[in-house]
Amino acid sequence: MGDILTSRVVDAEWLRTRLWDPSVVVIEVTNTPAAESDRGAIAGARTVYWKDLLWHRSRREFPSAPVLIDRLRALGAGAESTVVFAGEPTQFAAYALWVAAAVGVGGDLRYLDGGLPAWRATEAANGTPSSASAAPIERAAEARVSESPQPLPQVAPRHDEIVVGRDEVRAALGSPIAILDLRSPQEYSGLRVSPLTEPIDHGAERAGRIPGARSLPAQDLLDEHGLLRPVSELRERVAALGIDGADRIIAYCRLSHRAALGWLVFTDLLDDHRIRVYDGSWTEWGSLVGAPIED
């Protein structure tokens with residue numbers, strides 16, 4: 001991870017040395033529906049399907065702060081916890097931080113750089129802990145869940161500061177607001193509506209991009225190991241976009257996971273707070289009747 005360790009971004013080695021700390025709660029945010037919460041890849045971690053944690057049960061919107069706090073509490077996260085989100089893929093952890101901030105969930109929330117792939121690489125290099133050494137970590141995690149810790153604090157929601165909807169995107173077209181597309185080059189160019197990692201090309205009725213959007217693939221924010229690039233390299237990539245004079249920045253992708261990673265990079269690493277994420281992203285825009293599209 002080089003020179004980019006911040007208060008919210010931690011690396012696998014940082015976590016490895018703290019797994020025995022009962023105040024450290026690891027939550028793996030994955031793309032596996034009906035994931036069993038106690039079957040995490042990291043010793044003592046709890047696993048959750050991203051929609052089960054971060055969406056309303058029946059509507060395409062965020063849960064309320066009290067609901068999200070209750071869900072996190074059920075996974076062992078409380079007011080005294082340092083909560084480390086580990087994504088698979090890694091941007092799911094950034095999405096968790098963004099949603100928490102949007103709805104007003106406070107506390108010590110962190111992003112594991114590189115997510116579960118980086119963790120597995122660290123284990124391969126250092127040796128996986130034996131079942132005997134991992135057992136105390138698992139018992140501590142089980143105790144945290146069973147004891148039902150004091151809930152994380154509820155703070156002022158930041159929705160209007162960091163989230164935009166389709167009407168705001170439409171109003172931004174042709175304005176001094178910069179629009180960044182964090183999808184893959186294939187999606188940006190209109191060859192696909194989903195990334196190559198998806199087995200089926202789905203997610204919107206139309207391919208293409210929002211008019212005037214500039215391409216900043218989320219993968220370009222990461223190195224060959226899936227870790228966030230050093231700040232100096234990130235600044236170079238952003239400078240090449242020519243958005244220094246933009247009043248604000250709107251970021252989108254397909255479902256806003258990769259855009260949330262962009263939000264984390266801009267706010268935490270580049271200290272650029274102009275950015276907001278279009279929640280509906282291409283899944284919504286590419287299916288809207290009458291929405292302008294470039295291809």
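Residues A12 and A118 share a closest heavy-atom pair of CB-O, 4.2 Å. The shortest non-hydrogen separation linking L196 to Q186 is CD1-NE2, 3.7 Å. Looking at every heavy atom in both residues, W14 comes nearest to T82 through CH2-CG2, 4.1 Å. Across all their heavy atoms, R57 and D52 have their closest contact at NH1-O, 2.9 Å. Of all non-hydrogen atoms in E294 and P211, the two that sit nearest each other are CD-CA, 3.5 Å. Residues L182 and R258 share a closest heavy-atom pair of CD2-O, 3.6 Å.
Between the side chain of R8 and the backbone N or O of R110, no donor-acceptor pair lies under 3.5 Å. The closest donor-acceptor contact from the side chain of R214 to the backbone of L241 lies under 3.5 Å. A side-chain donor-acceptor contact under 3.5 Å links D113 to the backbone of L228. No donor-acceptor pair under 3.5 Å is formed between the side chain of E233 and the backbone N or O of P230. Listed for the R229 side chain is a donor-acceptor partner under 3.5 Å among the backbone atoms of D220. Listed for the R274 side chain is no donor-acceptor partner under 3.5 Å among the backbone atoms of D247. The backbone N or O of I162 sits less than 3.5 Å from a side-chain atom of W98, completing a donor-acceptor pair. A donor-acceptor contact shorter than 3.5 Å is absent between the side chain of S256 and the backbone of A259. When atom types are taken as modelled, the side chain of H56 and the backbone of S58 share a donor-acceptor pair closer than 3.5 angstrom.
Within the 4.5 Å cutoff, the side chain of P149 has no heavy atoms near those of the P151 side chain. When side chains are defined from C-beta on, R170 counts as touching P292, because their heavy atoms get closer than 4.5 Å. At least one side-chain heavy atom of N31 sits less than 4.5 Å from a side-chain heavy atom of Y49. Residues L270 and V231 meet the side-chain proximity criterion, which asks for heavy atoms closer than 4.5 Å. The side-chain heavy atoms of V163 and V277, taken from C-beta on, include no pair separated by under 4.5 Å. When side chains are defined from C-beta on, L216 does not count as touching D181, because their heavy atoms never get closer than 4.5 Å. The closest side-chain heavy-atom distance from T283 to S281 is not below 4.5 Å. Using a 4.5 Å heavy-atom cutoff, the side chains of E198 and R254 are in contact.
E80 CD: 12 or fewer foreign heavy atoms inside a 6.0 Å radius. No more than 12 heavy-atom neighbours from other residues, nucleotides or ligands sit within 6.0 angstrom of CD on E205. Residue-environment remark: CD (Q150) stays at or below the threshold of 12 foreign heavy atoms within 6.0 Å. Around atom CZ of R206, no more than 12 heavy atoms belonging to other residues, nucleotides or ligands sit under 6.0 Å away.
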Side chain to side chain contact (heavy atoms under 4.5 Å, CB included) assessment of L97 paired with L264: CA-CA 8 Å; L97 289 176; L264 180 68; 4.1 Å; yes
Would Y111 and T90 satisfy side chain to side chain contact (heavy atoms under 4.5 Å, CB included), going step by step from the backbone distance to the final call? CA-CA 9 Å; Y111 167 89; T90 188; 2.7 Å; yes
Q: Decide yes or no on salt bridge (charged side-chain N to carboxylate O under 4.0 Å, His left out) for E13 and R18, but give the supporting numbers first.
A: CA-CA 9 Å; E13 189 56 37; R18 289 166 173 81; over 6 Å; no
Given side chain to side chain contact (heavy atoms under 4.5 Å, CB included), test L15 with W119 step by step and report yes or no. CA-CA 9 Å; L15 179 58; W119 175 260; 4.0 Å; yes
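Among V67, V155, L72, the one residue that satisfies the side chain to side chain contact (heavy atoms under 4.5 Å, CB included) test with V105 is L72. The side chain to side chain contact (heavy atoms under 4.5 Å, CB included) test with D272 singles out one residue from I249, D244, I243, and that residue is I249. Among V26, I42, D11, I27, the single residue meeting the side chain to side chain contact (heavy atoms under 4.5 Å, CB included) criterion with L112 is I42.
Taking CG from L221 and CG from L227, the interatomic distance works out to 12.5 Å, rounded to the nearest 0.5 Å. Annotation: the span from E161 atom CD to T267 atom OG1 amounts to 11.5 Å, rounded to 0.5 Å. Taken from CZ in R248 to CZ in R276, the straight-line distance is 4.0 Å, to the nearest 0.5 Å. To the nearest 0.5 Å, atoms OG (S184) and CD (Q219) are separated by 10.0 Å. With values rounded to the nearest 0.5 angstrom, L109 atom CG is found 6.5 Å from L152 atom CG. The line from OG1 of T47 to CD of E88 is 9.0 Å long, rounded to the nearest 0.5 Å.
Side-chain atoms of E28 and T30 include no donor-acceptor pair closer than 3.5 Å.
The pair E284-R166 meets the salt-bridge criterion, since a charged nitrogen lies less than 4.0 angstrom from a carboxylate oxygen. At a threshold of 4.0 Å, the pair R158-D160 does not count as salt-bridged, since none of the basic side-chain nitrogens sits closer than that to a carboxylate oxygen. Salt bridge annotation for R192-E187: absent, with no cationic side-chain nitrogen under 4.0 angstrom from a carboxylate oxygen.
Applying the 4.5 Å side-chain rule to ILVMFWY residues, one finds V164, V169, L173, I177, I179, V193, I210, I250, Y252, Y278, W282, W285, I293 in the same cluster as L288.
Geometrically, R183 does not engage Y188 in a cation-pi contact defined by less than 6.0 Å to the ring centre and at most 45° from the axis.
A centroid separation of 6.0 Å or more is found between the aromatic rings of W55 and F62.
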